[in-house]
There are 2 protein chains.
Amino acid sequence: MGESMVLDVARLRRGCAQCSLQQLCLPAGIGAQDLQRLDEIVRRRRPVERGERLFRPGDALSAVYVARDGAFKTVSISEDGEEQVVGFHLPGELIGLDALGAGEHRCEAVALTIANVCEVPFDLLAEVASQLPSLQQQLLRVIGQSVGRDQDHLGMLVRRQANERIALFLHGLAERFRNIGESGTQFKLPMSREDIARYLGLALETVSRGFTRLQDDGVIAVVGRRVEILDAEELACLAHGGDSDEAAERRSRRA
Amino acid sequence: MGESMVLDVARLRRGCAQCSLQQLCLPAGIGAQDLQRLDEIVRRRRPVERGERLFRPGDALSAVYVARDGAFKTVSISEDGEEQVVGFHLPGELIGLDALGAGEHRCEAVALTIANVCEVPFDLLAEVASQLPSLQQQLLRVIGQSVGRDQDHLGMLVRRQANERIALFLHGLAERFRNIGESGTQFKLPMSREDIARYLGLALETVSRGFTRLQDDGVIAVVGRRVEILDAEELACLAHGGDSDEAAERRSRRA
DNA sequence: CGCAGAGTTGATACCAGTCAACAAAAGTGG
DNA sequence: CCACTTTTGTTGACTGGTATCAACTCTGCG
């Protein structure tokens with residue numbers, strides 16, 4: 001038992017080369033020697049508590065972050081104090097790019113769970129990237145993926161009604177869980193109904209009703225934050241605006 | 001007269017160093033010799049016609065584009081054929097970053113007016129950027145600004161009602177016109193009501209009604225696509241969710 | 001001049017926000 | 001470990017903003 005503890009600590013220390021997220025994160029597609037250069041500039045933080053912030057609006061861009069586990073949300077606060085959830089971040093997804101434009105953060109990044117984070121000082125990252133074409137390429141790709149998620153988010157909000165947004169949200173989240181090697185059919189939501197509502201641009205009551213409805217239709221099973229996807233096909237269909245006969249039938253059977 | 005023609009042509013050929021957009025576009029903050037390296041890889045296209053496309057969904061990322069004049073929209077087409085306007089692009093704003101993530105474009109870029117475009121082959125850009133830290137930095141900044149605009153777009157859509165969205169849209173557009181040295185109080189919209197509707201996630205009738213209402217309240221004057229902002233302060237106020245007494249009063253006076 | 005596309009305006013229906021009460025879960029302290 | 005508080009989630013009734021359908025007008029253009 002003492003020995004396995006030692007091994008675990010050693011693994012934590014060994015950094016990017018052993019990280020399970022290697023293929024998703026900055027190291028993807030980088031050779032062994034080069035990987036070491038990246039690894040040297042990555043600072044591993046102590047675990048952050050739920051509710052802790054990585055940065056706040058106005059903070060200078062000093063580093064970008066990647067969660068090794070846990071989850072984060074980024075929130076932008078409008079002048080009237082309304083909080084808009086800009087994105088959720090699962091392990092391997094870069095956090096902090098919102099500061100690229102102006103050099104200071106527009107959002108705050110809040111931990112939704114206890115989490116371990118890799119902190120990558122931005123100036124060093126830029127420096128190393130300019131020396132390693134493969135890292136530069138991967139950096140641009142990761143930034144691009146983040147832009148892509150933002151666009152998906154946009155598509156989720158515009159001209160879609162509440163039930164569609166919710167289906168799309170669950171569908172997308174399931175896919176992201178699968179990508180990082182977790183179950184895409186059974187998971188615990190790291191965020192509250194309110195967070196989801198602020199992400200989807202809905203009232204929290206509407207989100208709650210949407211979940212219930214999906215459950216009534218036999219598409220998912222929900223207990224609090226535990227979600228099981230029972231009919232992934234139907235969920236995908238709802239996400240793309242279709243309301244299949246299947247669901248209609250199930251509803252009528254109950255009535 | 002012949003002489004001035006020659007001068008004009010020469011100026012067009014002289015490229016980035018003489019471009020009025022220098023401070024907004026990729027060259028910003030780059031030294032004279034380095035600028036030449038960037039200039040050498042930029043291809044100047046013949047003018048593109050209104051309705052012409054720079055790229056389509058699925059096209060490989062071969063270049064990024066910057067309009068020297070005119071305007072573009074980027075449109076993402078969902079599987080059910082619905083067109084969502086992802087962004088409008090004025091001169092100096094990078095077009096084509098949507099392909100960074102997957103290496104192929106997710107959107108199509110359509111010219112809203114006749115326009116001149118600089119085309120920057122992406123592989124060459126990446127190569128030169130890795131050799132010129134100042135260009136790399138500027139590239140990241142321009143990308144960041146684009147991310148910032150996307151986030152503004154998001155904030156424009158979520159939990160804001162129609163009139164707010166429209167006010168915010170006009171307010172933001174005016175600011176962008178000012179940034180490129182054009183009038184921020186009087187301009188011609190390069191896009192149709194339908195484009196605006198698809199950008200704001202509204203029905204086109206709602207956009208039309210919104211414009212009329214702003215006009216009735218004395219905030220703007222609209223004739224077709226010509227817009228004049230009469231009360232910028234009030235517009236800013238409406239954009240941030242306030243419905244001032246001023247406007248209410250004007251409305252009651254009419255009634 | 002006449003046509004097609006773009007924009008405006010009106011009437012109606014419905015989705016989702018709001019207010020309110022309640023239920024369940026998660027902390028908290030004795 | 002249990003009672004208490006607080007937070008989080010669910011459900012119902014009502015209202016209002018916006019989409020939709022439809023008719024009409026205006027503008028630019030061949």
Side-chain angles (χ1 to χ4, degrees), chain A residues 49-51 73 82-85 110 112-114 156-170 188-217 220-227 238 241 243 251 254, chain B residues 49-51 73 82-85 110 112-114 156-170 188-217 220-227 238 241 243 251 254:
Chain A
E49 292 299 323
R50 177 185 158 135
K73 63 174 175 182
E82 288 268 310
E83 299 195 354
Q84 160 64 16
V85 175
V110 186
L112 294 167
T113 61
I114 327 178
M156 208 176 288
L157 293 176
V158 174
R159 295 281 263 158
R160 298 205 120 86
Q161 39 197 50
N163 291 329
E164 255 175 281
R165 293 188 204 185
I166 293 164
L168 213 41
F169 169 72
L170 284 172
K188 183 160 183 278
L189 297 170
M191 71 293 279
S192 69
R193 298 287 189 272
E194 184 166 13
D195 286 333
I196 299 174
R198 293 205 160 128
Y199 180 73
L200 295 179
L202 299 169
L204 70 87
E205 293 95 324
T206 308
V207 174
S208 187
R209 280 187 247 269
F211 276 49
T212 316
R213 163 106 185 245
L214 284 172
Q215 175 155 255
D216 291 350
D217 290 355
I220 61 173
V222 205
V223 187
R225 296 192 179 183
R226 285 232 60 90
V227 174
L238 290 170
D243 186 9
R251 271 196 303 281
R254 264 178 299 105
Chain B
E49 293 298 323
R50 177 184 158 134
K73 63 174 175 182
E82 288 267 312
E83 298 194 356
Q84 159 64 16
V85 175
V110 186
L112 293 169
T113 62
I114 326 177
M156 210 175 289
L157 294 175
V158 173
R159 299 279 261 154
R160 299 203 119 86
Q161 39 198 53
N163 290 329
E164 257 175 281
R165 293 188 203 185
I166 293 165
L168 215 40
F169 169 71
L170 284 172
K188 183 159 182 278
L189 296 171
M191 70 293 279
S192 69
R193 297 287 188 272
E194 183 165 12
D195 286 334
I196 299 174
R198 293 204 160 130
Y199 180 72
L200 294 180
L202 299 169
L204 71 86
E205 294 94 326
T206 308
V207 174
S208 187
R209 280 186 247 268
F211 276 48
T212 314
R213 163 105 185 246
L214 283 172
Q215 175 154 254
D216 289 351
D217 289 356
I220 61 173
V222 206
V223 188
R225 296 195 178 184
R226 285 231 59 91
V227 174
L238 289 170
D243 184 8
R251 273 195 302 281
R254 265 177 298 107

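Lettering follows sequence order; numbering is per chain, from 1.
When all heavy atoms of A:Q84 and A:Y199 are compared, the pair lying nearest together is NE2-O, 4.1 Å. Residues A:V222 and A:Q215 come closest through the heavy atom pair N-OE1, 2.8 Å.
Think of the region where chain B sits on DNA chain C: with heavy atoms and a 4.0 Å cut, that region ends 5' and 3' at C:dG7 to C:dT18.
Taking atom CD of residue B:E164 and atom P of nucleotide D:dG17, one finds them 12 Å apart after rounding to whole Å. Atom C1' of nucleotide D:dT11 and atom CG of A:L214 are separated by 16 Å, given to the nearest angstrom. As rounded to whole Å, 9 Å separates atom P of D:dT10 from atom CD of A:Q215. Between B:L157 atom CG and D:dT18 atom C1' there is a gap of 15 Å when expressed in whole angstrom units.
Ranked by how close their nearest DNA chain D nucleotide is to the 5' end, A:R159 and A:R193 are led by A:R193.
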- Query: Can you give one letter per nucleotide of nucleotides 23-30 of chain D, going 5' to 3': B for a protein heavy atom under 4.0 Å from the base, S for sugar-phosphate only, - for none?
  - Reply: --------
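The side-chain heavy atoms of B:L200 and B:I166, taken from C-beta on, include a pair separated by under 4.5 Å. Residues A:R209 and A:R213 have side chains not in contact (no heavy-atom distance under 4.5 Å, counting atoms from C-beta outward). Inter-residue side-chain proximity for A:L214 and A:L170 is flagged as met; some heavy-atom pair is nearer than 4.5 Å. By the 4.5 Å heavy-atom criterion applied to side chains, B:F211 and B:L189 are counted as neighbours. Annotation: side chain of A:P190 is not in contact with side chain of A:R225 (no heavy-atom distance under 4.5 Å).
A salt bridge between A:E194 and A:R198 is present, with a side-chain N of the basic residue lying under 4.0 Å from a carboxylate O of the acidic one.
For CZ of A:R50, the number of neighbouring non-hydrogen atoms (other residues, nucleotides, ligands) closer than 6.0 Å is 12 at most.
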- Before giving the answer on side-chain contact (heavy atoms from CB on, under 4.5 Å), spell out for B:L157 and A:V158 the whole-Å C-alpha distance, their side-chain angles and the decisive distance to 0.1 Å. CA-CA 7 Å; B:L157 294 175; A:V158 174; 3.1 Å; yes
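Remark: side-chain polar atoms of A:S208 are not paired, donor with acceptor, to backbone N or O of A:L204 under 3.5 angstrom.
Residue contacts shown for B:R165 are absent, as no nucleic acid heavy atom lies under 4.0 Å away.
Annotation: proximity of residues 198-210 of chain B to DNA chain D (heavy atom, distance under 4.0 Å) is found for B:G201, B:L202, B:A203, B:E205, B:T206, B:R209, numbered in ascending order.
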